Number of protein chains: 2
Amino acid sequence: MTVSTLCIPPDRLWRRLMQLAEIGQLGRSGVNRQALTALDLEAKQWLVAWARTRGLAVSTDAIGNLFMRRQGRVAAAFPVALGSHLDTEPTGGRFDGAYGVVAAMELLDALDEHAVETDRPIELTVWTNEEGCRFLPGCMGSKAYAKPDLLTAMLQSSDATGVTVREALEAHSDGLPDLPLRPLGQPFAAYLEAHIEQGPVLERGNFAIAAVSGVQGRRLYEVSFQGVSGHAGTVPHPLRHDALQRSLPFLQALYDRAADDQDIRITPGRLVLEPNSPSVIPSRLTLTLDIRHPSNIELAEISTWLRSLVPSGSLASVTIEEIDRCDAATFDRYLTEVARLACARLGGSVRPLVSGASHDAHALASFCPTTMIFARCQGGISHHEDEYASPEDLAAGATALGACLMAASRVQAVGEVAGRKGAIGP
Amino acid sequence: MTVSTLCIPPDRLWRRLMQLAEIGQLGRSGVNRQALTALDLEAKQWLVAWARTRGLAVSTDAIGNLFMRRQGRVAAAFPVALGSHLDTEPTGGRFDGAYGVVAAMELLDALDEHAVETDRPIELTVWTNEEGCRFLPGCMGSKAYAKPDLLTAMLQSSDATGVTVREALEAHSDGLPDLPLRPLGQPFAAYLEAHIEQGPVLERGNFAIAAVSGVQGRRLYEVSFQGVSGHAGTVPHPLRHDALQRSLPFLQALYDRAADDQDIRITPGRLVLEPNSPSVIPSRLTLTLDIRHPSNIELAEISTWLRSLVPSGSLASVTIEEIDRCDAATFDRYLTEVARLACARLGGSVRPLVSGASHDAHALASFCPTTMIFARCQGGISHHEDEYASPEDLAAGATALGACLMAASRVQAVGEVAGRKGAIGP
């Protein structure tokens, strides 16, 4: 049978999410299931048990990612991958990551239940350590898959107790014995991921779901303003060099720009004053500046603009240092258009969103044609026990992801047939 | 002999300061001689030894203040007191406090050396625990002297190791045996104090010394701005409630007012952001606001003005709380005019300063006619090992203080003769 749409009902998807949330349950509705812990393993065992009932071929790789493969009509065709992650933050919710995995389970079930034979193999993927809260970096599994050169350093990363990723993976593989090991970096025809939005835009727009056209780039700066300390009572203002005062025009210019550009995000999240004593003039102010934008060109321009905000001649006592950088990614235009039309048809947003947070799809976007679907989450709250998304919205997102899956799984749309890489055409 | 001016040369004054600085010497040029420690006692013993060579009558009181009395021609007249304190900060300098005591020693020596007989008795006073770094409150001795009701609570004040003022005083009096105990609050005709400026105004104006017309009042506020935390990547700016952003117009208005009013001092010295994480929108900003002004009326108006800066309707999420208050004091007009003329004659500033820091004279200003002389201090640096004032400037300040002493010690200028209190007339 061939279908153009797989319709995912909410009930079973929700039940599975709630089952999964019991593994590492925290308080009333939270989850603490950090990467490569016994609870993370238990969640994977639960998933593998399901995969075996479905006859899927389960394998793993050197960074502990899981793959559950459903064969396609064209055995040599690159598979379409879809999935997310099972690890959570220490005080995480029930939906971040788990939703993308359960949505993929539902789609594979629906293919079986409707006896659909796809051209391409379909692989449910579970990426190791997306959150990055136990081991750095986050999106570890998807990054290592897309860029295997990163593996060696990642295996040496250690958690707060000194356990390395290598050690944690060994314990993990004992709990999932007999899984064939496959190489990192095996080609995908496409990668698809459903996720809760983790922001308030869909709720404010009254939309259940939306396509995602890419992930913002991020630059993290540390900015410091040097002043001169002094007695709060004895030093007249014309003789002061108050570091806090010096920073105000700079900060105001940032917020003014944020008000003028709907695509930018500017967050001075951490601010430290020295000596931070009630009766001493501030001698130093240090702040982090998290700046995000969907365009890498804009991010480069913003970097220049930041430096232009510092009054000339005062550069010696104001420093702006880039301390982290993650380039923006644009998702595949064709797949995102399929996602956009599917969302619109299901009552979602006609306009794709740009993801403000990073996801495994961000790491894979440079590896293969990729797109995402976002489902509305209540109050925009995530990484928190109160994280919530409705069964209906989540089911609509899975259904929209199914439209992408059906489009991507047709062989005529496949890059590898034409010898092109990373270009699924219509 | 009667003289109108006592001229204090720099040499002996400087030698005495350097001798005193050896008691508690810290590093190259610092002093750590905290209140009611063995070192503080040693400094007092050094001073009492000098007083005995001069035939001064030494006494103490219930809070450990020291009095060294030189008799006057009119035995029943209220004495003129002059002095300062011998205790220092843990990382203090050689001049703060010590200068006022040594200047008084020099003046008493000069009276003897010139065989001057004053109408009034003269008392060199050493006030206990001016700094307030070991025991709270600061200016303890002068406050208790002016307001004896405060004594009971002060005796119970304890240091970081649990030692109370009462216990420390007992050890102290063992080291200064046989001193007669006099009541707190015995009237003074006047109180005079020389001190280093502890600020940069004289240095900037190229003046060695200045009269002091009063001490600023101080209000300490805690101001908090409440926002809503959120993900730095996912929450668009129009939906943000960034506590740091909310605080900017308020902070800017403070600095604008400080630029417009040369008598005000506004210091947002401590600022804490929450959760203070690079990728989280600030949910709360709390800052202390130290505001000083020579006029209590202005300080009351500023308090109202502060609240007017909060946008109407947002009061619920901005709080302004007064957490400490110290009223302004105006020094005696006649004595300050004498001091001003003396300073001008000696090449000092024609314009009196208002003290930004508090001093024992602040506590005594409501008790008797009071004035102060400030001497220039290098870079405005105080409470620091690098504190420095030149021998010449310190001698000029002592000479100017001498002019005040000669004016105040004449009986025709005395309040108690006319039955008036606190009003020395010309």
Side-chain angles (χ1 to χ4, degrees), chain A residues 197-201 204 215-216 218 220 222 230-240 242 244-245 248-249 251-252 254-255 258-259 261-262 264-273 275-282 285 287-292 323-324 355-358 380-383, chain B residues 197-201 204 215-216 218 220 222 230-240 242 244-245 248-249 251-252 254-255 258-259 261-262 264-273 275-282 285 287-292 323-324 355-358 380-383:
Chain A
E197 182 201 341
Q198 304 186 281
V201 177
R204 294 297 174 115
V215 181
Q216 292 179 130
R218 172 177 184 250
L220 187 66
E222 187 170 89
H231 191 294
T234 61
V235 186
H237 283 275
L239 303 183
R240 292 187 179 201
D242 178 330
L244 174 59
Q245 182 174 14
L248 292 190
L251 288 167
Q252 191 58 57
L254 298 179
Y255 287 117
D261 178 349
Q262 65 173 5
I264 207 170
R265 307 279 182 270
I266 303 184
T267 309
R270 189 167 65 197
L271 190 157
V272 174
L273 213 59
N276 217 31
S277 175
S279 296
V280 183
I281 298 163
L285 180 150
L287 64 92
T288 58
L289 208 50
D290 179 310
I291 300 189
R292 307 197 190 201
I323 56 174
D324 195 19
S355 176
S358 193
I381 296 165
S382 186
H383 290 185
Chain B
E197 183 201 342
Q198 304 187 282
V201 176
R204 295 295 176 118
V215 182
Q216 293 180 128
R218 174 178 184 247
L220 187 66
E222 186 169 270
H231 191 295
T234 62
V235 186
H237 283 274
L239 304 182
R240 292 187 179 201
D242 179 329
L244 175 59
Q245 182 175 14
L248 292 189
L251 287 168
Q252 192 57 58
L254 298 179
Y255 287 117
D261 178 351
Q262 66 173 4
I264 207 170
R265 306 279 182 269
I266 304 183
T267 309
R270 189 168 64 198
L271 190 156
V272 175
L273 213 59
N276 216 31
S277 174
S279 297
V280 183
I281 298 163
L285 180 150
L287 64 94
T288 58
L289 208 51
D290 179 309
I291 300 189
R292 307 199 190 200
I323 56 175
D324 196 18
S355 175
S358 193
I381 295 165
S382 185
H383 289 186

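For clarity, every value in this text was computed on a predicted model and none was experimentally measured.
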Supply the atom-to-atom distance Leu244(A) CG to Leu287(B) CG, rounded to the nearest 0.5 angstrom. 8.0 Å
Heavy-atom cut-off 4.5 Å, strictly under: side chain, backbone, both or neither for Ile266(A) against chain B? both
Pair count under 4.5 Å, heavy atoms only, with chain B: among Ile281(A), Thr288(A), Leu289(A), highest is Thr288(A)
Taking all non-hydrogen atoms of both residues, which atom of Ser279(B) and which atom of Arg292(A) are closest, and how far apart? OG-NH2, 3.6 Å
Can you tell me which of Leu273(B), Leu254(B), Val272(B), Val201(B) forms the most heavy-atom pairs within a distance under 4.5 Å of chain A? Leu273(B)
Which atoms of Gln245(A) approach chain B - backbone, side chain, both or neither, heavy atom under 4.5 Å: both
Once rounded to the nearest 0.5 Å, what's the spacing between atom CD of Glu197(B) and atom OG1 of Thr234(A)? 7.0 Å
Against chain B, label Val235(A) side chain, backbone, both or neither, depending on which of its atoms sit under 4.5 Å from a heavy atom there. both
Atom of Pro278(B), atom of Asp290(A) and distance for their closest heavy-atom approach: O-CB, 3.5 Å
Highest number of heavy-atom pairs under 4.5 Å with chain B: which of Val215(A), Asp242(A), Asp324(A), Ile264(A)? Asp242(A)
NE2-CZ distance between His237(B) and Arg265(A), expressed to the nearest 0.5 angstrom: 6.5 Å
If you count heavy-atom pairs within less than 4.5 Å of chain B, which of Ser355(A), Ala258(A), Gly199(A) leads? Ala258(A)
Pair count under 4.5 Å, heavy atoms only, with chain A: among Asn276(B), Ile381(B), Asp261(B), highest is Asn276(B)
Given side chain to side chain contact (heavy atoms under 4.5 Å, CB included), test Thr267(A) with Arg240(B) step by step and report yes or no. CA-CA 10 Å; Thr267(A) 309; Arg240(B) 292 187 179 201; 2.8 Å; yes
Side chain, backbone, both or neither: which part of Leu251(A) has a heavy atom under 4.5 Å from chain B? both
